[in-house]
Amino acid sequence: MRYIPLVKYLEGLNDAQKRAVLAKDGPISVLAGAGSGKTRVLTTRIYHLIREGVPADQILAVTFTNKAAREMRERVRAMLLAPHEPQESQRDGLPFIATFHGLGREILERYGTAIGVPRFFSVYDRDDSEKAVATALKTSGIEAKELSPRAVLGRISRHKGEGMRAQEFAEKHGRSSFGNRVVAEVWRSYERALATEKALDFDDLIALPVRLLEEHKDVRALAQGRWRYIHIDEYQDTNALQERLAALLAGKHKNLFVVGDGDQAIYGWRGAKMENILHFEKRYPEAQTIILEHNYRSTKNLVDAANAVIEKNKNRKEKYATTEKASGEPILIHIARSAEDEARWIALRIRKLLREGGKPEEIAVLFRTNFQSRALEEGFLRAGVPYKLLGTRFFARKEVKDALAWMRLAMDSSREVDKLRAAASPPRGIGKVTLGKLAAGERAALRAGELAKVEAFERVITELSWAAETLVPSEFVKLVVEKNGMRRALVDEGGDEDRERFENIEELASVAARHDSVPGKESIAAFLAEAALASDQDEMDQGEKKGVTLMTVHAAKGLEFNTVFVSGMEEGLFPHEGMGATGDRDEEEERRLFYVAMTRAKERLILTLARVRKIYGSDYASEPSSFLADIDSSLVLYDETEGEMIIEA
């Protein structure tokens, strides 16, 4: 077989990239800074191994998203099937390139019968799992109002991610609290349901392969023989089980090539262990470490500013990005009067960029938390700027729709659709059958237990209806989520994701505050009408249209844009204050998150903040983010332009 000449496929790589590509055997850690060409290094290394005589089917590459896996496969295929490659190279196949879950499925389909996994199994997605947990709660006779299916599933998932089994959890924690007793019982029920359906959930796709390889030496030997060269992308995002899986597969040959950047570790809240890459040499003392510091993405001003921000972190490996690009524009900082003014300014600034020839798909607006999208969407709609929101639109978010259903029900208790939604949010043991009997006038047919739950539900609605007569809309939103149990479920008993959902409820109260001038049902009705209109607008023409991208910073990881706006640069918002009982936050992870936001920009970075932000319906004066002080003043320009002046400028 003939291959691309050595000089050709290494052409354009810098010295550090070449060292990474040519390093063949043993454990290798590549610390790849933002924009340093890590995907090119990975794919070129895989091609190089094949050129050196390693059969393609003995090479494994694992990443975190299907999109990244597809991109890697296409790049490798393009190199192997280049025009100057002979026809016979097409018969050699491709390496196995997949996500961690895809790898887990492959291992279980091939070897899983050794631990009782069916040869043909289905995989439950998150919705399937949540429904199964809800059923388990019901069949176990546990009052669902005490713990929601989502919260119980979250606990099960966290412990599965640590390698724990249902029986082990029951023995260790099953008697420590009511919540843990519920989780222990429901977990066992949930596992029985999965077994009956011959199904696995996403957590099983990692936990079961680890168990299989640890408990069965023969299977471990087969897997280690199958994949002699193992590559793991985004290694800083691996959790404890994923790291164990990689170590098991590489246990014999030790040819483990990991690529990552501790400075972009932003998923600690969901179990990722940044230490996996920071302490790689401790686990593998013979490991080589190669650092990719050249940034091919961003201008010098942006690279220097990002360096200044991230070097304040203590828990990191020393790394200093460089670039040969020109200085470029200074970082623009705009201080608006309010969140609405901030959104309006951003939308008008983007409208000006588009009129000057910019393309909407080359622009992104990033925000730290989901609730910020509401003001931004409104600003873009009013300015007529096309946009697409990654994630669920504000008024389509479940928790927002749940709260609105309760409010409408308090205004008119005969609304059956709202009654059905409210009865399940949070769950209170009232199902469709019970509500159907009520709608049919068959109240007398209810059993005593059913009737008690219905009466408690109706009492809450009645109390809210009375309160609506005298409260302003923002205070009414707050009362609704206190009385119906949403606050308790999302804040007191929920995890980090649930607390972020409650921030959307707080934003709903802030939207409602626009109608606070007069208390009573008329003002609340006006707010509900506004919310309904916004919901209708949100659904219009939101298919595959092109537009400016709006998304959280977490969602932006791995992407790049010519122009990036980062909104809400206020202390307490970014860096974000925790919402738990202690209000804790991981200052270093917040700084890494800001570093990720900054390094998405190729040419232009614009940071915005509001002097006053409405939170839970009340105005609060804001302080600029402490992160702004980390950027050298020579790299920054403050912009005082207001509203329409942008268009005139």
Side-chain angles (χ1 to χ4, degrees), residues 145 338-340 371 374-375 378 394-395 397-428 430 435 438-439 443 451-494 498-499 501-536 579 612-621:
K145 68 179 180 181
S338 66
E340 286 69 28
F371 81 83
R374 195 274 315 164
E378 190 173 277
F394 181 78
F395 283 102
R397 289 176 181 139
K398 180 183 182 301
E399 58 275 11
V400 172
K401 293 173 76 172
D402 290 344
L404 290 171
W406 272 94
M407 294 179 72
R408 288 191 297 265
L409 200 57
M411 302 288 283
D412 180 359
S413 62
S414 68
R415 298 173 62 100
E416 293 300 329
V417 173
D418 288 330
K419 195 176 292 184
L420 189 62
R421 186 174 196 107
S425 309
R428 56 197 66 237
I430 302 174
L435 293 175
L438 290 176
R443 193 181 190 94
L451 185 60
K453 292 173 184 176
V454 167
E455 288 176 344
F457 177 51
E458 291 173 340
R459 278 196 298 273
V460 176
I461 296 169
T462 300
E463 289 174 20
L464 290 173
S465 182
W466 290 340
E469 300 283 359
T470 57
L471 289 179
V472 294
S474 66
E475 292 300 321
F476 186 58
V477 173
K478 297 176 190 178
L479 182 67
V480 164
V481 298
E482 290 289 347
K483 286 282 188 183
N484 70 6
M486 287 181 71
R487 182 184 179 90
R488 183 185 70 244
L490 295 175
V491 178
D492 300 337
E493 298 170 353
D498 291 318
R499 294 187 184 105
R501 289 187 185 97
F502 192 75
E503 289 183 337
N504 291 328
I505 301 296
E506 292 183 315
E507 180 67 6
L508 187 67
S510 296
V511 179
R514 295 173 179 172
H515 299 270
D516 278 359
S517 56
V518 178
K521 287 190 172 181
E522 285 190 11
S523 296
I524 294 170
F527 162 65
L528 290 171
E530 178 188 320
L533 179 60
S535 297
D536 289 342
M579 286 191 63
V612 175
R613 191 171 292 272
K614 199 175 288 292
I615 300 174
Y616 216 15
S618 301
D619 288 335
Y620 290 90

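Every heavy atom of this structure was used, including side-chain atoms; hydrogens, water molecules and symmetry mates were not.
Using a 4.0 Å cut-off between charged side-chain N and carboxylate O, Arg501 and Asp498 make a salt bridge. Of the charged side-chain nitrogens involved, at least one lies within less than 4.0 Å of a carboxylate oxygen, so that Glu340 and Arg374 count as a salt-bridged pair.
With rounding to the nearest 0.5 angstrom, the NE2 atom of His515 is 9.0 Å from the CG atom of Leu528. Note that the OG atom of Ser474 and the CD1 atom of Ile524 stand 9.5 Å from one another [nearest 0.5 Å]. The distance from atom CD of Glu507 to atom CD of Glu503, rounded to the nearest 0.5 Å, is 10.0 Å. Taking NZ of Lys483 as the reference point, atom CH2 of Trp406 lies at 11.0 Å (rounded to 0.5 Å). A distance of 11.0 Å separates OG1 of Thr462 from CD of Glu455, quoted to the nearest 0.5 Å. Between atom CD of residue Glu399 and atom CZ of residue Phe502 there is a gap of 10.5 Å, rounded to the nearest 0.5 Å.
Counting only distance, with no hydrogens or angles, the side chain of Ser338 and the backbone of Arg613 share no donor-acceptor pair below 3.5 Å.
When all heavy atoms of Val480 and Ala403 are compared, the pair lying nearest together is CG1-O, 4.3 Å. Pro473 and Val518 make their closest contact through CD-O, 4.3 Å (heavy atoms, listed as atom of the first residue, atom of the second, distance). Between Ala375 and Ala339, the shortest heavy-atom distance links the atoms CB-O, 4.2 Å. Across all non-hydrogen atoms, the minimal contact from Ser510 to Lys614 is OG-O, 3.0 Å.
Other residues, nucleotides and ligands place more than 12 heavy atoms under 6.0 Å from the NZ atom of Lys521. By the neighbour-count criterion of 12 heavy atoms within 6.0 Å, atom CD of Glu469 is densely surrounded, having more than that number from other residues, nucleotides or ligands.
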Worksheet item: Where do Ile505 and Phe371 land on the side-chain contact (heavy atoms from CB on, under 4.5 Å) test, with the steps shown first?
Response: CA-CA 8 Å; Ile505 301 296; Phe371 81 83; over 6 Å; no
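Taking 4.5 Å as the limit, some side-chain heavy atom of Ser425 sits within range of a side-chain heavy atom of Lys398. Under the 4.5 Å side-chain criterion, counting only non-hydrogen atoms from C-beta, Leu464 is in contact with Phe476. Here the side chains of Phe395 and Leu508 are in contact, with some heavy-atom distance below 4.5 Å. Under the 4.5 Å side-chain criterion, counting only non-hydrogen atoms from C-beta, Lys419 is in contact with Phe457. When side chains are defined from C-beta on, Val472 does not count as touching Phe527, because their heavy atoms never get closer than 4.5 Å.
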